[in-house]
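Structure first, commentary second.
What you see is a predicted model; the values in this text were computed from it and never measured. Residue numbering restarts at 1 for every chain, and letters A, B, ... go by the order of the sequence lines.
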Amino acid sequence: METQPQANTPPPPSESELLQVRRDKLQKMKDKGVAPFGGKFETTHEPGTLRASFENTLPVKLGGRVLSRRIQGKAGFFDIGDFTGKIQCYMNKKEVGDEAFELFTDLVDMGDWVGVEGETFTTKMGEPTVNVKAITVLSKSLRPLPDKWHGLTDREQKYRQRYLDLISNENSRQVFVTRSQMIAEIRRFLQDRQFLEVETPMMQDVAGGAAARPFETFHNALNMPLYLRIAPELFLKRLLVGGFTRIFELNRNFRNEGISRRHNPEFTMLEAYWAFADFEQMADLVEGLICHLAEKFCGGLLIEHKNEAGEVTRTINLQRPWKRVAYRDLIRAVDPGWFELTPEARKTRAAELGVEIGPNFEDYEVTQHVFEKLVEEKQFDPMFVTHCPKELVPLAKQNAADDSVVDVYELVINGQEISPGYSELNDPIIQRQRLEEQAGEEIQKIDEDFITALEFGMPPAGGIGIGIDRLIMMLTGAESIRDVVLFPQLKRKAE
RNA sequence: GCGCGGGUAGCUCAGCGGUAGAGCAGUUGGCUUUUAACCAAUUGGCCGUGGGUUCGAUCCCCACCCCGCGUACCA
């Protein structure tokens, strides 16, 4: 094969035409003395809120991004929007003058931020509109927006460039606004019940409070390794010891594990502790909280999940009271003779039931896998699974009548764990034994200072965790945790 | 890690051995109550990356990168 002559090699990559056109407009703005990147602009309204509580003949001043334009000769319509929604604007050449009108038609693009000042009116098509008297460029956009009709559908780009997703997809914007409002409401709900919000370390010497691999980092000045927390539990219990008898923390946890539809390496967890309460009261609290959120934000206790075509694919019924069933009863419903089998026979039986079992599984793990595959993943309406085997939950109190199980619930909704709740273990001697049994070889992972704190006396207490991301998924119908986390973790993409 | 699917214009998508297509966006005209505005014309591509096979590869084969779904591991 012959090599191409040098003269035929393509010219060096230049900016695409679309980008160049916008840079040219930027320069033209500067030439006309129009500042393309604006500054302070005092507003009276936001686009969405103005449209939602619209009145005619109202003088208004507001800012937003130009989302669409419909120009027809000597007049034109355009929509401006932000996280509150959008509103239509109208400009008439005769009213605003040639200069302002041509600035708008010639130099302002879809995607630019503008400030408008004018008076509201309703068009003959019935659309609430701002009749613009003056327009101010607040920020020139140098890149074109995604398709105005289809929005941004490429999953990778939605996650990597969330701002584009938020600009162009109404659903996505709504999910994150709702998420924010729900989290604010959770705080209000707990504060109304005299819970105190606290902050405990995210960088910990020993990553305790759950069974998960932590992220490791290093503090130079202290010359010591640190771990990002996998749970705040052990610090919150220290605060119970300190007399903070109703507390909660709502913030990020970090777990160095696989990523999936249900797992992001950093995720938001609520933990709350209520001294002198038990797991049953905590179940009542969680039931009340989630129903409150559903009624406030989802229009009731029937949560409909829809596919992209808008068809209802699942309805979750949150009507109270929620079922409360013992773990072992749920297993017996799958196989009545399960607990009469030998551990070896249980492995065989699990395989017969279609549950894959690893060769080194402990007996309780075999049962737990059967539970996860045949109970949890099939349970969509809320159910409190109570009295789990103690091996699964080393920080909870053993049941008074049967010390092989613990006084806990595991709330399952939408086929996944949403919230655990415990009667917290406050006996320091038993707590040490339980943690040692769990740690096995890795005994250095025991948080000795936590045990010391318990030895000073921790009040009996009920505790809960709520996986906020999964809760939001359930309430908004999102199928992936990435759709409720603004910037989910992705692999670096080579340039 | 393994399996399946995907990566083509700024965006949404066709094309699957024979000169790269459409809609939207953009550009140029026209249009003073439109709203996926409309009418006319038109610009725009390392067809994810690197190797093969072939006269010829966006298309077939191999490897790699990234994304999604499932599964396994971490537990």
A:R162 side chain to A:L486 main-chain N or O, any donor-acceptor pair under 3.5 Å?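 Yes, because the side chain of A:R162 sits within donor-acceptor range (under 3.5 Å) of the backbone of A:L486.
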Between the main-chain N or O of A:V484 and the side-chain N or O of A:R179, is there a donor-acceptor pair closer than 3.5 Å? yes
Interatomic distance, A:S480 atom OG to A:N264 atom CG [nearest 0.5 angstrom]: 8.5 Å
Sugar-phosphate, base or nothing in reach of A:G151, heavy atoms under 4.0 Å: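 Sugar-phosphate contact only.
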Please tell me which of the listed nucleotides, [options], lies nearest to the side chain of [X]?
{"X": "A:Q88", "options": "B:rC69, B:rU34, B:rG26", "result": "B:rU34"}
{"X": "A:F361", "options": "B:rU34, B:rC11, B:rC73", "result": "B:rC73"}
{"X": "A:R70", "options": "B:rG10, B:rC11, B:rU35", "result": "B:rU35"}
{"X": "A:T153", "options": "B:rU71, B:rA37, B:rC13", "result": "B:rC13"}
{"X": "A:Q157", "options": "B:rC24, B:rU35, B:rC11", "result": "B:rC11"}

Aromatic centroids of A:Y159 and A:F487 separated by under 6.0 Å: no
What about [X]: does its side chain form a donor-acceptor pair under 3.5 Å with the base of [N]?
{"X": "A:D147", "N": "B:rG23", "result": "yes"}
{"X": "A:E257", "N": "B:rA75", "result": "yes"}
{"X": "A:Q72", "N": "B:rU33", "result": "no"}
{"X": "A:T123", "N": "B:rU34", "result": "yes"}

Using OP1 and OP2 only, check whether a side-chain N or O of A:R261 sits under 4.0 Å from B:rG70.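 Affirmative; the distance criterion is met.
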Take atom [atom1] of [X] and atom [atom2] of [N], then tell me their distance rounded to the nearest Å.
{"X": "A:L19", "N": "B:rA9", "atom1": "CG", "atom2": "C1'", "result": "13 Å"}
{"X": "A:I87", "N": "B:rU33", "atom1": "CD1", "atom2": "P", "result": "20 Å"}
{"X": "A:K158", "N": "B:rC67", "atom1": "NZ", "atom2": "P", "result": "16 Å"}

Sequence neighbours excluded - salt bridge (charged side-chain N to carboxylate O under 4.0 Å, His left out) pairs with any residue from residues 73-83 of chain A: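 Sorted pair list: A:R70-A:D79.
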Could you go through A:Y227 and A:F215, starting from their C-alpha distance and side-chain angles, then the distance that decides it, and tell me whether this counts as ring pair (Phe, Tyr, Trp, His ring centres under 6.0 Å)? CA-CA 6 Å; A:Y227 299 92; A:F215 287 94; over 10 Å; no
Grab the N/O contacts between the protein and nucleotides 40-50 of chain B below 3.5 Å, and write none if there aren't any.
residue	atom	partner	partner atom	Å
B:rU43	O2'	A:E17	OE1	2.8
B:rU43	O2	A:E17	OE1	3.4
B:rU43	O2	A:E17	OE2	3.3
B:rG44	O4'	A:E17	OE1	3.4

A:R69 to A:F77, cation-pi by 6.0 Å centre distance and 45° axis angle: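 Output no; distance or angle outside limits.
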